[in-house]
Amino acid sequence: MIGEYALIALLFVIGMIIAIGKVLASDEKTSMKVIVGKAILNGCTSLMAGMLLLTLTSASPLVIVGFGAFLGTLGTEASIAWIKSKFGG
């Protein structure tokens with residue numbers, strides 16, 4: 001069984017990799033600042049989603065990591081849309 005600290009690190013890193021992959025696959029012009037910002041935001045939202053799943057379920061670590069990354073990516077997109085609507089951009 002994977003330890004809690006390893007699971008935390010894994011969730012954060014997978015969230016960051018997903019965000020970097022999304023930015024690299026898009027045609028949008030981005031700077032290193034935007035790439036790093038999106039990676040950190042997605043890492044944090046994936047971590048929060050995974051920790052919520054870990055608390056509420058007794059699912060396997062693979063399910064928690066996969067679903068946490070999925071929910072984290074949705075949370076990142078919702079956060080970015082909300083920020084753009086409030087502050088323009």
Within-4.5 Å side-chain heavy-atom neighbours: [X] and [Y]:
X: Ser46; Y: Ile14; answer: no
X: Val23; Y: Glu28; answer: no
X: Lys22; Y: Asn42; answer: no

Minimum heavy-atom separation for [X] and [Y], please, with both atom names.
X: Ala39; Y: Ala19; value: CA-CB, 3.6 Å
X: Ile64; Y: Leu11; value: O-CD2, 4.0 Å
X: Gly68; Y: Ala49; value: O-CB, 3.7 Å

Hydrophobic clustering (ILVMFWY, side-chain heavy atoms < 4.5 Å, transitive) - are [Y] and [X] grouped together?
X: Ile17; Y: Leu47; answer: no
X: Leu53; Y: Phe70; answer: yes
X: Met48; Y: Phe12; answer: no
X: Ile35; Y: Ile80; answer: no
X: Leu74; Y: Phe67; answer: yes

Supply the atom-to-atom distance Ile40 CD1 to Thr45 OG1, rounded to the nearest 0.5 angstrom. 12.0 Å
